[in-house]
Amino acid sequence: MSILDDARELAASGPVCDACLGRAFADRSFGLTNAERGQSLRIAAALDDDEPYDAVETEACWVCEGECARFDEWAERCAAAIDDVEVETYQVGTRAPPLVEENEILLREGAGLPDDAGELFKSEFNREVGKRIGRLTGTEVDFTRPDVQFLLDIEADTIEAQLNSAFVYGRYRKLERDIPQTEWPCRECDGSGYKGKELCDYCGGSGYLYEESVEGFVAPIVMDVMDGVEAKFHGAGREDVDALMLGTGRPFVVEIMEPRRRNIDVEQLEGDVNAMADGAIEVEGLRLATYDMVERVKKLDASKQYRAAVEFDDDVTDEDLQAALDELTGATIKQYTPHRVDHRRASITRTRQVYDATGELEDARHGTVEIHGEGGLYIKELVSGDEGRTNPSLAGILDTGAVVTALDVIAVEGEDESFEDDDFFKD
């Protein structure tokens with residue numbers, strides 16, 4: 001049978017609108033809407049049969065039950081749903097009425113066409129409503145990670161407009177000790193601030209073990225500026241609570257859920273965060289980032305550079321210290337899970353590299369060492385040996401007790417590439 005014969009069979013089933021007629025041939029030709037295909041086939045059949053052209057009103061269609069006449073209406077409702085929201089990209093999904101899906105099958109079966117001939121009703125709805133949304137709002141369709149995703153439930157006559165998260169990347173320096181990276185809920189009251197009806201004695205009723213955190217300084221301000229409902233802080237690893245984060249800072253991403261503002265002044269935001277932190281932390285290099293930056297920050301292989309103040313149990317000469325540091329440079333370190341973290345880390349032996357180790361003595365019992373090592377290298381244990389759990393160690397090589405009295409992280413950089421890749425930024 002020819003395409004005109006198939007079109008005649010479809011049209012003979014009852015009043016079928018141009019869109020539903022053309023949709024069965026959506027894989028034929030390009031640059032046409034299904035409605036244009038259907039009308040063209042109807043006209044061509046009328047010419048071929050030398051019969052009067054008989055148009056069908058979309059509202060009378062037994063297949064879509066008139067829904068193909070509502071593309072403009074649905075698009076206008078979607079545009080109204082985000083009227084006061086800043087978005088640049090969108091995607092449309094449609095939940096088709098079961099009766100319409102059944103009618104589509106019956107239409108094709110009646111004409112002897114495969115069930116999957118052309119395209120589905122919901123696919124056309126997504127495209128036609130989507131094109132109109134783009135024109136009304138000045139936005140672009142994005143099939144990967146749009147700013148807003150619309151779900152059209154035709155049977156329920158409802159629209160869900162789901163705002164996807166926005167992301168701000170930057171680096172932070174932590175300039176005061178005893179500040180954790182993320183909020184640290186009290187383990188005694190599970191962050192509630194109460195034990196029963198009484199204030200928790202352990203945290204003083206605050207719900208947190210530490211009153212301040214890097215997350216607490218940064219995330220609420222970003223969430224307020226972007227008018228979101230929740231914020232998550234993602235860091236490229238983390239430093240000990242009692243360690244400083246200096247130098248180039250540590251990469252991080254703040255994720256804002258359901259933001260109503262995306263076009264923000266990141267320089268102003270940077271100034272606001274630093275003013276609020278009042279010297280406890282600093283952020284720099286804030287940029288709007290893509291969704292993929294979260295995984296990059298959390299998973300990109302990174303090396304770290306540390307500076308540690310060290311106290312020795314016995315007198316150490318400069319010659320012995322330099323020899324020990326030379327032995328550590330380039331060494332492969334085996335570290336069984338340290339005592340101080342074995343309550344939250346799996347008990348395994350990790351192998352890490354020391355790229356460089358330098359240092360100098362202040363006196364026979366005190367010195368400063370700088371270690372550049374592979375990510376995941378436990379520096380305190382590299383110095384102390386952790387009762388033999390880390391080997392080799394500075395203490396083991398010097399054959400004396402050694403402990404880190406102050407630790408600073410001075411660089412966090414990608415092993416093979418920079419965190420700051422333009423492909424992961426939106427500006």
Side-chain angles (χ1 to χ4, degrees), residues 165-196 198-246 249-259 261 264 266 269-286 289 291 293-299 302 304 338 340-345 375-376 378 380 407-409 412 419:
S165 297
F167 305 89
V168 175
Y169 170 88
R171 286 176 176 260
Y172 74 82
R173 286 184 290 273
K174 193 177 75 177
L175 307 177
E176 295 181 3
R177 302 191 191 278
D178 298 321
I179 297 178
Q181 181 187 90
T182 56
E183 294 180 342
W184 199 326
C186 174
R187 59 177 176 267
E188 296 296 318
C189 65
D190 294 326
S192 69
Y194 286 87
K195 297 194 72 172
E198 302 296 326
L199 288 177
C200 175
D201 291 335
Y202 197 77
C203 66
S206 70
Y208 297 96
L209 293 183
Y210 296 87
E211 292 184 7
E212 297 175 334
S213 66
V214 177
E215 177 184 19
F217 283 121
V218 180
I221 297 178
V222 181
M223 184 173 70
D224 182 62
V225 169
M226 304 192 85
D227 196 8
V229 299
E230 187 180 352
K232 290 183 180 179
F233 190 95
H234 308 278
R238 61 178 67 202
E239 65 281 341
D240 292 340
V241 171
D242 60 353
L244 299 182
M245 180 66 243
L246 305 174
R250 185 180 297 275
F252 70 90
V253 174
V254 175
E255 176 182 358
I256 302 299
M257 275 64 82
E258 298 183 38
R261 300 287 174 265
I264 62 171
V266 289
L269 175 61
E270 189 173 300
D272 291 345
V273 171
N274 289 337
M276 182 65 69
D278 193 26
I281 71 157
E282 291 177 347
V283 298
E284 67 178 11
L286 297 190
Y291 167 78
M293 182 56 91
V294 173
E295 183 175 10
R296 184 174 181 81
V297 160
K298 297 178 78 68
K299 293 187 177 181
K304 280 96 173 183
R340 64 188 174 92
V341 298
D342 61 7
H343 62 287
R344 64 178 189 271
R345 294 284 190 275
Y378 291 106
K380 292 179 179 178
L407 181 65
D408 302 335
V409 187
V412 178
F419 283 93

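- The backbone N or O of Leu286 lies less than 3.5 Å from a partner atom in the side chain of Glu270, making a donor-acceptor pair.
- Nearest heavy atoms, Val229 versus Met223: C-SD, 3.7 Å.
- The two residues Asp227 and Arg261 make their nearest non-hydrogen contact at CB-CG, 4.2 Å.
- By the 30° and 60° cut-offs, the orientation of the rings of Phe167 relative to Tyr291 is perpendicular.
- Looking at heavy atoms from C-beta onward, Val168 lies out of side-chain contact with Ile256 at the 4.5 angstrom threshold.
- Between Arg173 and Glu284 there is a salt bridge, with a side-chain nitrogen of the basic residue lying less than 4.0 Å from a carboxylate oxygen of the acidic one.
- Using a 4.5 Å heavy-atom threshold, the side chains of Val241 and Pro180 count as touching.
- Minimum heavy-atom separation, Val273 to Phe217: CG1-O, 4.0 Å.
- For the pair Val412 and Lys304, the tightest heavy-atom approach, listed with the atom from each and the gap, is CG2-CG, 3.9 Å.
- Ionic pairing of Asp242 and Lys174 is not present here: no N-O contact between side-chain nitrogen and carboxylate oxygen is shorter than 4.0 angstrom.
- Gln181 places a side-chain N or O within donor-acceptor distance of the main-chain N or O of Gly237, the cut-off being under 3.5 Å.
- Summarising the geometry, atom CD1 belonging to Ile221 is positioned 6.5 Å from atom CG belonging to Asp272; distances are rounded to the nearest 0.5 Å.
- The nearest pair of heavy atoms linking Ala280 to Ile179 is CB-CD1, 4.0 Å.
- Atoms NZ and CG, from Lys380 and Leu407 in turn, are 6.0 Å apart once rounded to the nearest 0.5 Å.
- Here the CZ atom belonging to Arg296 is positioned 16.0 Å from the NE2 atom belonging to His234, to the nearest 0.5 angstrom.
- Considering all non-hydrogen atoms of both residues, Ser165 and Pro259 come closest at CA-CD, 4.2 Å.
- At least one donor-acceptor pair closer than 3.5 Å links the side chain of Glu215 to the backbone N or O of Glu183.
- Glu295 CD: 12 or fewer foreign heavy atoms inside a 6.0 Å radius.
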The test is side-chain contact (heavy atoms from CB on, under 4.5 Å); show your working for Phe233 and Val214 and say whether it passes. CA-CA 9 Å; Phe233 190 95; Val214 177; 3.8 Å; yes
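- Side-chain N or O atoms of Arg250 include one that pairs as donor or acceptor with a backbone N or O of Ala236 at under 3.5 Å.
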Evaluate the criterion side-chain contact (heavy atoms from CB on, under 4.5 Å) for residue pair Thr182 and Arg238; output intermediate values, then yes/no. CA-CA 9 Å; Thr182 56; Arg238 61 178 67 202; 3.4 Å; yes
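- The CG atom of Leu175 sits 11.0 Å away from atom CG of Asp278, with the distance rounded to the nearest 0.5 Å.
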Can Met257 and Lys232 be said to form a side-chain contact (heavy atoms from CB on, under 4.5 Å), step by step? CA-CA 8 Å; Met257 275 64 82; Lys232 290 183 180 179; 3.5 Å; yes
CA sep, side-chain torsions, deciding dist, call: Asp240, Arg340, side-chain contact (heavy atoms from CB on, under 4.5 Å): CA-CA 11 Å; Asp240 292 340; Arg340 64 188 174 92; 3.2 Å; yes
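- With values rounded to the nearest 0.5 angstrom, Ile281 atom CD1 is found 12.0 Å from Met245 atom CE.
- Counting heavy atoms from C-beta outward, Val283 and Asn274 have side chains that approach closer than 4.5 Å.
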